[in-house]
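Have a look at the structure below, then the notes.
Start at 1 and go down the list; that is how both ligands and their atoms are numbered.
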Amino acid sequence: MSTPCPDTPALAAAVVGGGCAGLTLAHRLAADQNGPVAVIDPGDPRPDHIWGYWDDGGEDLALARPFGEAAWRQWAVIDHGGKTVLTSNNFWYRAISSARFENYLRATMPAVRQMRGTVAAATRHAGGYRVALADGRELRAARVFDSRPPAPPAGVLLQHFAGWQVRMDQPVFDPHTAILMDFRVSQEAGVHFIYLLPFSAENALVESTVFSPQVQPASWYDDQIATYLAAHYPTAGVTISSREAGVIPLARLRPDGVFGTAVGMRAAALRASSGYAFSQIQRQIADLTVRGGGARPGCDAIEAWMDQVLLRVLRGAPARAPEIFTRAAAALDGDAFARFMRGYGDWPGRLRLMSGLPMGLFLAAALGGAGR
Ligand SMILES: Cc1cc2nc3c(=O)[nH]c(=O)nc-3n(C[C@H](O)[C@H](O)[C@H](O)COP(=O)(O)OP(=O)(O)OC[C@H]3O[C@@H](n4cnc5c(N)ncnc54)[C@H](O)[C@@H]3O)c2cc1C
């Protein structure tokens, strides 16, 4: 049976989940001073990792901007045929530490009640919600925001990766160019590339990333990174300073129910074809707190459809991935590329992208002919 928390007044807002979206939302709600706010999260460990995202200088990314580990005006896609480098005038590609950002948010919202717990239900009652926690506690709140990530459907394509932050004993990296995809690695386990963020000439995040339904054992990614570094920086010694790993579903996630208003991954912030959600979440929360209403997805319906077509192509013809991503990069300039990746891009950019891709393959996938 649920028991009301005796010391809890009715809240203006209860935020379910204290991850990227929940903490960002609570921080912004607290700044608006519209009444007491609580964030409820089980408090499981959240290992540090890097969030990469495109920043056009907008207010929606103001909270994150000071935490940049590094930022690049140039990014590259590499395959055996060469290197496509895109330069942007209006966007930075930034990297921030998830732990630094989340710790900052937690530490700078003293008015927000940060509760440990698992929300089991939220039911409407006069003037708001009753929020029931799994341990029997109950809260009352005028609004509820739900950031529980939805479970991915069975069998979806996954983006799975492991990365090392490395220090090399020689200045081997080009610190001006982030490598988004380097396909000069084994393609046996699925669409596989190295993501390399050079924080300086000696320091970088080097990540082995695969798109496939099957996650690999940790040692597999380690072998891939070690092989890559040995092949491309053969004379440099490597020291690993930290590691990160993750799995992101590459799919349109459909939640089976929502407590109040969905936010974050639960509100379709994720770009299904790339696994990017960070800047989409920041924009979604900034919009929500300014305009009210529901949370906007990470992209519009056309881009969501384009993402689905690309995923169908990758499922049906994974061996074509290096060519497809290289051609996509070559079709765009840095600004158009970043605009598309952020979501809500423009038609000229979309048309240039479409015209640069292998037409027959994408047409067949658009008509449903290249797998799921
Ligand atoms: C390792 C990794 C690296 C990533 N890198 C990038 C990147 O470089 N760029 C990018 O744009 N995106 C990236 N993403 C994708 C995305 O930005 C993150 O997944 C982001 O954390 C999603 O935010 P969220 O708030 O929606 O979900 P989460 O951050 O996962 O937060 C959800 C929270 O809800 C809590 N919760 C769940 N159920 C309940 C319940 N019943 N009651 C209360 N709380 C509950 C969970 O404990 C969790 O803390 C990455 C994801 C991962 C996993």
Side-chain angles (χ1 to χ4, degrees), residues 14-27 38-55 61 64 68-70 75 93-99 101-102 105-106 114-122 131-135 137 139 144-152 158-163 178 180 195-197 205 207 209 215 221 242-251 253 255-260 262-285 288 295 297-299 338 341-343:
V15 180
V16 182
C20 177
L23 291 174
T24 305
L25 175 61
H27 199 278
V39 181
I40 309 110
D41 189 278
D44 297 335
R46 293 179 57 80
D48 189 19
H49 64 80
I50 291 291
W51 272 311
Y53 66 97
W54 280 274
D55 181 359
L61 288 163
E69 305 287 322
W75 41 88
Y93 187 69
R94 292 189 188 278
I96 68 168
S97 144
S98 64
F101 183 56
E102 292 186 352
L105 294 176
R106 287 191 199 99
Q114 299 179 46
M115 298 174 62
R116 276 203 174 203
T118 300
V119 173
V131 180
L133 276 61
D135 60 11
R137 286 176 294 167
L139 306 169
V144 176
F145 296 95
D146 187 354
S147 74
R148 293 169 302 149
L158 301 170
Q159 179 181 143
H160 43 100
F161 51 90
L180 300 181
Y195 172 66
L196 193 154
L197 298 183
L205 169 67
E207 218 161 69
T209 305
V215 174
Y221 308 94
S242 65
R243 293 167 182 266
E244 61 178 75
V247 180
I248 305 174
L250 294 174
L253 302 178
D256 48 6
V258 174
F259 301 152
V263 293
M265 303 279 270
R266 202 166 194 87
L270 182 76
R271 285 304 298 270
S273 66
S274 63
Y276 281 92
F278 178 79
S279 75
Q280 290 77 3
I281 289 172
Q282 299 303 309
R283 176 175 56 204
Q284 182 184 77
I285 301 294
L288 187 63
C299 64
M341 296 301 283
R342 266 217 85 186

Less than 4.5 Å apart, any side-chain heavy atom of [X] and any of [Y]?
X      : Y      : result
Phe101 : Thr24  : yes
Ser273 : Leu250 : no
Pro255 : Met265 : no
Arg46  : Ser98  : no
Leu133 : Leu139 : yes
Trp54  : Ser279 : no

Nearest 0.5 Å, please: how far is [atom2] in [Y] from [atom1] in [X]?
X      : Y      : atom1 : atom2 : answer
Ile248 : Leu253 : CD1   : CG    : 10.5 Å
Ile96  : His49  : CD1   : NE2   : 9.5 Å
Leu25  : Leu105 : CG    : CG    : 11.0 Å
Cys299 : Arg271 : SG    : CZ    : 4.0 Å

Return the option from [options] holding the heavy atom at the smallest distance from [atom].
atom                    : options                      : result
atom 31 (O) of ligand 1 : Gly19, Ala120, Gly298        : Gly19
atom 18 (C) of ligand 1 : Trp51, Phe161, Phe259, Trp54 : Trp51
atom 22 (C) of ligand 1 : Met265, Arg271, Gln282       : Met265
atom 32 (C) of ligand 1 : Gly18, Gly17, Ser147         : Ser147

Hey, does Ala245 sit under 4.0 Å from ligand 1 if you only count heavy atoms? yes
Examine ligand 1 and decide if any of its atoms is less than 4.0 Å from a heavy atom belonging to Arg266. no
Atom indices of ligand 1, in the order listed, that fall short of 4.0 Å to a heavy atom of [X]:
X      : value
Ile50  : 5 (N), 8 (O)
Gly264 : 26 (O)
Gly246 : 1 (C)
Phe278 : 10 (C), 11 (O), 12 (N), 17 (O)
Ile40  : 43 (C), 44 (N)
Gly52  : 7 (C), 8 (O), 9 (N), 10 (C), 11 (O)
Ala21  : 24 (P), 25 (O)
Gly275 : 12 (N), 13 (C), 14 (N), 15 (C)

So, regarding [X] and ligand 1 (criterion: nitrogen or oxygen to nitrogen or oxygen, under 3.5 Å), is there a contact or not?
X      : value
Val16  : no
Gly117 : no
Glu102 : no
Ala277 : yes

Which residue and atom name correspond to the protein heavy atom nearest [atom], and how close is it?
atom                    : result
atom 51 (C) of ligand 1 : Ile248 CD1, 3.5 Å
atom 30 (O) of ligand 1 : Pro149 CG, 3.6 Å
atom 49 (O) of ligand 1 : Asp41 OD2, 2.7 Å
atom 29 (O) of ligand 1 : Arg46 NH2, 2.8 Å
atom 45 (C) of ligand 1 : Pro42 CD, 3.7 Å
atom 4 (C) of ligand 1  : His49 CE1, 3.5 Å
atom 39 (C) of ligand 1 : Arg148 CG, 3.3 Å
atom 41 (N) of ligand 1 : Val119 O, 3.0 Å

Check the pair Leu180, Met341 against side chain to side chain contact (heavy atoms under 4.5 Å, CB included), reporting the backbone distance first and the verdict last. CA-CA 12 Å; Leu180 300 181; Met341 296 301 283; over 6 Å; no
Region of Glu244 engaging ligand 1 - heavy atom pairs below 4.0 Å: neither
Honestly, for Tyr276 the part within reach of ligand 1 (heavy atoms, under 4.0 Å) is both
Within the side chain of [X], is there an N or O that forms a donor-acceptor pair under 3.5 Å with the backbone of [Y]?
X      : Y      : result
Gln114 : Arg106 : yes
Asp48  : Ala99  : yes
Glu244 : Ile50  : yes

I need the minimum non-hydrogen distance between Gln284 and Ala267, along with the two atoms involved. NE2-O, 3.3 Å
Look at Asp256 together with Arg266 and state whether they make a salt bridge at an N to O cut-off of under 4.0 Å. yes
